[in-house]
Amino acid sequence: MESRMFQKHWGAEFISDDVVRFRVWAEGQKTLTLRLAEKDIPMVAAGDGWFQVDVTGVNHGAEYQFVLQDGMTIPDPASRAQKGDVNGPSVVIDSRVSHHVSQAWKGRPWEETVIYELHVGTFTQEGTFRAAIDKLPWLAELGITQLEVMPVSQSGGTRGWGYDGVLLYAPHSAYGTPDDFHAFIDAAHGLGLSVVLDIVLNHFGPEGNYLPLLSPAFFHQDRMTPWGNGIAYDVEPVRQYITEAPLFWLTEYHLDGLRFDAIDQIIDSSETHILQAIAERIREVIPERHIHLTTEDSRNVIFLHPRDEQGKTPLFTAEWNDDFHNAAHVFATGETHAYYQDFAFEPEKKFARALTEGFVYQGEISLQTGKSRGVECHTQPPTFFVDFIQNHDQIGNRAQGDRLITLAGPDKTRVLLAALLLSPHIPLLFMGEEYGETHPFLFFTDFHGDLANAVREGRAKEFTGHAGHDESVPDPNAISTFLRSKLDWNKATTDEGKAWLRLTRNLLLLRHRYIVPLLRQTGAVEGSVLQAVPGMVAVSWRFPSGTLSLALNIGKKSVELPELPGETLFTWPEADDVLLPNSVVVRFAAGDASL
């Protein structure tokens, strides 16, 4: 049975009604002191580098810090909340009184999933959990079924993407309190929306990470990642900290799943890889709810996503499919810089393969790296792949934060949106995409001093070889960069915005009515490329009950529509036997059984 009160090894935990145990691994310290409500309490060495102390009479909301042997005060690395910034006091959270989670919500099946990725700080003008609640009825009515919240773990400053978190158990105070996050999740569940959280277990951010002072052994000194020394996942206290964080978010906040960022950077030499251990523990503790665990992995691998005879996922559920985005992007824009060079040759064929098989690279040599990438994936069900034509990375990692509508134009973008939402893969929309948002989503931070200068200079150098690299790159630390990235909700009320919303709503209605029932079926799905020529692609998927077909043309000339049997589910614009420029047709032909 799931419990919000599973005993965690790190942090401040109520071990009885009036006793809190403060516990931290500090093998690099000879002594450690707990500063609680301005009172210093020596902590007891409990062996193997652990320090702990049990204190009576501690109330929910009490502030505390740890004092190192040199007198420096730091927050709890397993803080459940911060009073203010990442360097300040941590806050004791009593899960029994801070919020009551309803156990009635069991989640939604994966095949129903339509993901809406959002960044709390830029989703609304206020940039808080509470402010975001007001938009949720609107998204539910649109046909969204799952909210994917970009990382909220406390990081340096008051604004950032969230991937530089350092207190992996604490919602960022800039967005609100733990109760505010609870309220956001409860409101979503009340509207039938699942909520998953993007979490980062591959590195810690550059500000507020005091783990090297507490325990140098938390990191491998001889292994580097793009962000610094690699985490020592094979060291038991480190393993406990990392494995318990995902389970904490799922149980404490009754979340419906997690997206694991850049797992290719999680290198573990243990007998059981830490990612496998995390997934197995989650499935063991939470067997009665729909819990969806997705991964981002540039290697295009499937070993963490096995399926049993019933098609269930004992470990991870699905994988972000960057290949789909990259192929679609080159197909629509013609850009071939940086990693897009891998998709430059016959992009229409690569896009067709992404639609029908999932990964484009299934062992082929990457032109960018000169190495093979990926494994065969045609036996994976369509729901293994999370597809998108835009997301935070692909927009925000451009110098000017350009959205696809700006780069390819609205006509091509509409066609690709239809293909995304009516394919049998799991679709993801990035916030604002549903109404044709044109505001950029830029890379922004809130660092100061030398760190701010380093980020600013590094960001400018990053775009050598990228489109737009000759332009000035917005200063990530400037408040204007952050403000420019906020959604313009007024656009949704314009005629153009309303037209986009009608299109999105219609596509999602069709998806829920026709595509989702197909995904509930068991049995193999066979994807086939019917035609792939410059500007035009036609594909089909054969299900046990029939065949779904899709043809699109983003070229400048009309082309003859290939034979697509069955009932027309969607066409844009209206046409008979021809694919006009910037058009799409989707059909379904029932086989042994009808929809």
Side-chain angles (χ1 to χ4, degrees), residues 102 104-120 123 129 132-150 184-198 249-250 253-259 286 288-294 311-313 316-321 324 381-392 417-435 492 500-521 548 569-570 586 595:
S102 170
W105 173 260
K106 301 299 182 182
R108 300 187 65 149
W110 179 243
E111 65 269 12
E112 297 178 0
T113 301
V114 176
I115 305 172
Y116 186 90
E117 186 188 22
L118 67 91
H119 175 269
V120 176
F123 183 58
F129 295 127
I133 292 174
D134 293 339
K135 302 295 183 184
L136 301 188
W138 193 77
L139 294 176
E141 191 275 334
L142 185 66
I144 301 299
T145 64
Q146 183 183 105
L147 307 175
E148 182 172 300
V149 182
M150 287 174 63
F184 171 83
I185 296 165
D186 282 355
H189 288 169
L191 294 164
L193 295 166
S194 299
V195 184
V196 304
L197 179 65
D198 194 343
W249 286 104
L250 291 171
Y253 291 96
H254 212 66
L255 287 163
D256 302 284
L258 300 166
R259 181 258 192 191
I286 318 176
E288 74 281 4
R289 288 200 283 127
H290 292 289
I291 298 295
H292 309 305
L293 308 175
T294 63
K312 295 182 179 179
T313 52
F316 291 88
T317 311
E319 169 87 350
W320 270 40
N321 186 12
F324 179 90
T383 52
F384 170 82
F385 302 98
V386 175
D387 289 353
F388 36 83
I389 57 175
Q390 303 185 73
N391 66 31
H392 73 276
L417 178 67
L420 172 73
L421 296 183
L422 296 183
S423 96
H425 297 181
I426 299 298
L428 177 147
L429 298 174
F430 185 66
M431 60 178 192
E433 190 173 353
E434 71 279 11
Y435 63 79
W500 272 99
L501 286 170
R502 285 193 298 269
L503 174 63
T504 305
R505 186 177 292 109
N506 184 37
L507 290 170
L508 290 179
L509 179 65
L510 292 170
R511 180 177 185 84
H512 292 305
R513 181 179 297 170
Y514 295 108
I515 309 303
V516 170
L518 291 173
L519 302 181
R520 293 196 180 108
Q521 301 172 10
L548 178 70
L569 303 183
F570 179 78
V586 180
L595 284 172

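The figures here come from the full heavy-atom set of this structure, side chains too, leaving out hydrogens, waters and symmetry mates.
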Atom [atom1] in [X], atom [atom2] in [Y]: separation rounded to 0.5 Å?
X	Y	atom1	atom2	answer
Glu148	Leu118	CD	CG	9.0 Å
Ile515	Leu421	CD1	CG	10.0 Å
Leu548	Leu519	CG	CG	9.0 Å
Leu420	Leu428	CG	CG	8.0 Å
Leu503	Leu508	CG	CG	9.0 Å
Phe384	Thr294	CZ	OG1	10.5 Å

Please list, chain by chain and in numerical order, all residues satisfying ring pair (Phe, Tyr, Trp, His ring centres under 6.0 Å) with [X], sequence neighbours excluded.
X	value
Phe129	Tyr175, Phe181
His392	Trp161, Tyr163
Trp500	none
Phe385	Phe359, His425

Applying side-chain hydrogen bond (donor to acceptor under 3.5 Å, both in side chains), name anything that partners [X], two or more places apart in sequence or on another chain.
X	result
Gln146	none
Arg502	none
Thr113	none
Asn391	none

What are the two closest non-hydrogen atoms of [X] and [Y], and how far apart are they?
X	Y	answer
Pro424	Pro382	O-CB, 3.4 Å
Pro517	Arg511	CD-O, 4.5 Å
Leu191	Pro137	CD1-N, 3.5 Å
Gly107	Asp256	CA-OD1, 3.7 Å
Leu255	Ile291	O-CD1, 3.7 Å
Tyr116	Gly432	OH-N, 3.3 Å

Going by heavy atoms in the side chains, are [X] and [Y] under 4.5 Å from each other?
X	Y	result
Asp387	Pro427	no
Glu433	Ile389	yes
Trp138	Leu501	yes

Evaluate Leu569 against Arg513 for side-chain contact (heavy atoms from CB on, under 4.5 Å), listing each step before the verdict.
CA-CA 10 Å; Leu569 303 183; Arg513 181 179 297 170; over 6 Å; no
Which residue pairs satisfy the salt bridge (Lys or Arg N to Asp or Glu O under 4.0 Å) criterion with at least one member in residues 104-118, sequence neighbours excluded?
Arg108-Glu112, Glu111-Arg520, Glu112-Arg520
Could you tell me which residues satisfy side-chain contact (heavy atoms from CB on, under 4.5 Å) with Asn506, sequence neighbours excluded, listed by chain and number?
Leu510, Phe570
Could you tell me which residues satisfy side-chain contact (heavy atoms from CB on, under 4.5 Å) with Ala188, sequence neighbours excluded, listed by chain and number?
Leu136, Leu147, Leu193, Val195
Okay, side chain of His512, backbone of Gly143: is any donor-acceptor separation there less than 3.5 Å?
yes
So does Thr317 get a backbone contact from the side chain of Trp110, meaning a donor-acceptor N/O pair under 3.5 Å?
no
So Phe388 and Trp320, would you call those rings parallel, tilted or perpendicular, with 30° and 60° as cut-offs?
tilted
Under the salt bridge (charged side-chain N to carboxylate O under 4.0 Å, His left out) test, which residues partner Arg259, sequence neighbours left out?
Asp198, Asp261, Glu296
Ion pair present between Glu434 and Arg505, side-chain N to carboxylate O less than 4.0 angstrom?
no
CA sep, side-chain torsions, deciding dist, call: Phe184, Val149, side-chain contact (heavy atoms from CB on, under 4.5 Å)
CA-CA 11 Å; Phe184 171 83; Val149 182; 3.9 Å; yes
